[in-house]
Amino acid sequence: MSAPIASQNIRPVAFSDALGERYLAYALSTITSRSLPDVRDGLKPVQRRLMFAMRELKLDPASGYKKCARVVGDVIGKYHPHGDVAVYDAMVRLAQSFAVRWPLVEGHGNFGNIDGDNAAAMRYTEARLTDVAVALLEGIGEDAVEFRDTYDGEEQEPAVLPAAFPNLLANGATGIAVGLATSIPPHNVGELCDALQILLKNSRSAIADLIACVPGPDFPTGGVLVEDPAAINEAYATGRGGFRVRARWHVEKVGRGQYQIIVSEIPYQVQKSRLIEKIAELLQARKLALLADVRDESADDVRLVLEPRSRAVDAGLLMETMFRQTELETRISLNMNLLDAAGVPGVMNLKQVLGAFLDHRLDVLLRRTAHRLKHIAHRLEVLGGYLIAYLNLDEVIRIIREEDEPRPKLMKRFKISEVQAEAILNMRLRALRKLEEAEIRGQFEALGKEQAELKKLQGSKARQRTVLGREIAEMKRRFGAATELGRRRTEIGVPPEPLEMPTEALVEREPVTILYSAKGWLRAARGHLDEGAAIKYKEGDRERFRFHAETTDKLVLFATNGRFYAIPCDKLPGGRGLGEPVRLMIDLANDQDVVTLFVHRPGRRLLVASSDGRGFVVEEDGVLAEKRTGKQVLNPARQAEACVCVAAEGDSVAVVGENRRLLLFAAAEVPVLARGRGVILQRYRDGGLSDAKMFDKADGLSWRTGAGVRNEGAAEDWHGKRGQTGRVAPRGFPKSNKFG
C-alpha cells in the first residue's frame, strides 16, 4: 500500500506556476549558456571552450595540426556536454574566412565555401589556433580571469577569456535565445583601436567621436556600405539598427560596343550558389527585363558575369533592378543584445561595448599584475635565503652535516622563513660557485625594481591607462591596416538616390513602326519604316495610320465612345504577321471605332471634341489608363459621336463642320477639364463637327491637300467667338472637310 500523500515530498502547485518556473529556468540557461555572447571577449560558451580546449592541446600557430575530431571530443568530454555536430559546426564557422572577419581557427582540409557547401566530416579535417586566438588567450595562465568548475566538477574552465583583442565587434556575433536575439556585424580592428584610444584618454568622450573612427562594419566578403550616415549614427548610438550592403561591380568591355557586368564581391552571409539560382529563376519568370544571362566564372575569387539584354541598356539602371530584386543588396541588422560582466543581458550602444572591453582589459591587467607580484615576492624570498646562505656558507654546511633536523635549526639561527630554509636545503652543490652568487644578486636587484614598478602601476590610474594604450597600439600594429588582413574590405559608399523605376526603363528601347488598318488591326513592325515601304494587309483591308515610335513608348487610343486607352508598345503584336484586332486588346463594342492613336508625350494637352460640336482641353497625363476598359473622358450626347482628338498646341482653334463652315477663335476660350461634355465650340443647324485643329495665329492656318500643304495665313475673315456658326470654308479647302 502506498504511503499517504502527506508523507511524500509532494506539494500542490498550480500548473501555470510550475510551467512558468521551469520555462524561466530554461530561458535563462539558453540566454546565458548558449546563445548570447559575453561583451568582454565576444564569445559564446561553446566558442570559448573550443579555444581553451585547443590551447590545452597545445595547438598554437607554431605547432602542427590535430584532427578536429580530437578537439571536438575533448570539448564535449570535458567542458561542453552537447552534441558533437553543434560543436563541430561552431568550430567550422570560426575557421571560415568568409564567415568571420578574423578567423580564430586555422583549418586544414575542406571547411566549406561561400557557395554554401558544408565542411568535410571532422575525422578528415585538422585545425590549430590562429594568432588572433592566441591574443584572446594571452595571460590565461597568469590568473588573468576567473575559472570555474566544469559540468562534472572534474575540470576547471575559464568564465571569460583575457581577450587582448576586441573580438565582439571585430568578428561580430549572431544568436537567438528565448525572447532575445543578438546580431552584430564584423568591424575593422584598426578603426576599433582608434576608438578605444579616444575612449581611454577621455571616458566622457561623445559617442559621435567614436563613430567618427568607426564609420561602419567591415565585412569579410567586402561589398559597399550604402546606408545613410544618419541611420548609421542612430544605430551605433542606440545599439539597434541596420546597414544596407551592396555587391561591388564594374563594367567590362567585350568589343563592338558590347559590355558585361562583373560582380567581384557579394554581400555578407549571401550564398553565391543560391544567389545565382535566384537570378536564374527571375530570368525564367521574365522579371529581369534588362538582363539576358548570368554566369559564374568564380575560382578562388568571386566573379559573377551579368549580360545585359542589349548594349543600349544602361549598366547603372540594370544594377538598380538587380539590387531591388535579388540579394545583391541585403540589409544586415544590428542588435547589440549582450551579456555584461555580471551575466545580465541588455542592449548596449557602441560606447558601452567599447567601455566594457576597456574595463575588462583593466581588470585583466590588475589581476596579471597581482599574480606577477605574488610570483616576484616568492622569488625574492627564495633569493633572499640564497644570499644569506652565501654569506654564512660554512655555518650552513655545518648545520646541514651535524643536525638531524636542519630546517628548524637554520630558521632559528639565521631568522629565515620556512620557504627560505627549504630552498637552501634544496640547493645543488654546483650552485655554490661565486659566479652563481653574482647572478642571484643581479636577479634579486632586477626583481626588486620590477616589483617597485608593478606596485606603482597598481596604485596609479594614469599608469594603467598608459599600459592599456600601449597594448592597444601593439594590437593595431599586429592586426591593423598596415597588414594585408587588416585593410578595410567594405567600401563606405554614398546612399543611392531614390529612383523611381519607370516601366519603360525595364523595356529594351528599339524603334518600331505602328501600323493600324482600316478594319482595326494593330501591330508594331521592327524599325522605322519609310512611307513607301510595302506593308501586307488582309485582303480587302488597307492602311489607316502609320507612325514611328519606340518599344518604351505608350500608345494612346481615342475611340468614338469618348474613352482613352493606353497600350505599351512592347506589348503590341509583332509586324511579321497581320497583327491583332484592337478589340481583343481593349473593350470596344462593334458599333465603336478608334478615332485616332498617337504616342504619349508627358505634359502635353489634348483638344477633344464630339460631333455635336462640344469639346474641351484635357491633360494628356490624366487620361492614361492601361486597363482594358480605358478611361472615360468625353461624354458625347446620345445622338453624337466623339470624333476629334488633337494636340492642344497653339493659341488658336480652328473647327469645321460637316456643312463646310469654318470658325477660328482664341484657344483661351476653351476650358481645361478632367472629363465631361465640354463647351460649345461651333453651332450647327444641320450635321455636326467634322474636324478641329489648334495652331499659332502668327504661323497662319494650314491644311493638307493633294498637292502639299496650303497656308491661308491669318484668315481674319473666319475669326470669331467660340460658339458661332462660322463662314463657308475658303476655296481650295479639302472636300473631305479635314485639315489633314
Query - Check: D38 side chain, L43 main-chain N or O, donor-acceptor pair, under 3.5 Å - result: no
Report task. Please report the shortest heavy-atom distance between A127 and L59, naming the atom on each side. Result -> O-CD1, 3.8 Å
Query raised in the report: With sequence neighbours left out, what residues match E234 under side chain to side chain donor-acceptor pair (under 3.5 Å)?
Result: none
Query raised in the report: Between M51 and A133, which heavy-atom pair has the shortest distance, and what is it?
Result: SD-CB, 3.8 Å
Query raised in the report: What orientation do Y236 and F243 show, parallel under 30°, tilted 30 to 60°, or perpendicular over 60°?
Result: tilted
Query raised in the report: Quick check, are the ring centers of F98 and F111 under 6.0 angstrom apart?
Result: no
Query raised in the report: In terms of heavy-atom contacts, does OH of Y124 have more than 12 from other residues, nucleotides or ligands at under 6.0 Å?
Result: no
Query raised in the report: Do the side-chain N and O atoms of Q156 and D149 include a donor-acceptor pair separated by under 3.5 angstrom?
Result: yes
Report task. Please report the closest heavy-atom contact between R478 and T483, naming both atoms and the distance. Result -> O-CG2, 3.3 Å
Report task. Heavy atoms only: give me the nearest V419-V382 pair and the separation to one decimal. Result -> CG1-CG2, 4.0 Å
Report summary line: Smallest heavy-atom separation, A120 atom then Y88 atom, equals O-OH, 2.7 Å
Report summary line: With R240 as partner, the option from N337, N349, N335 fulfilling side-chain hydrogen bond (donor to acceptor under 3.5 Å, both in side chains) is N335
Query - Smallest separation among heavy atoms of L225 and P217, with atom names - result: CD2-CD, 3.9 Å
Query raised in the report: Between the side chain of R489 and the main-chain N/O of G222, is any donor-acceptor distance below 3.5 Å?
Result: no
Query raised in the report: Between the side chain of D41 and the main-chain N/O of L161, is any donor-acceptor distance below 3.5 Å?
Result: yes
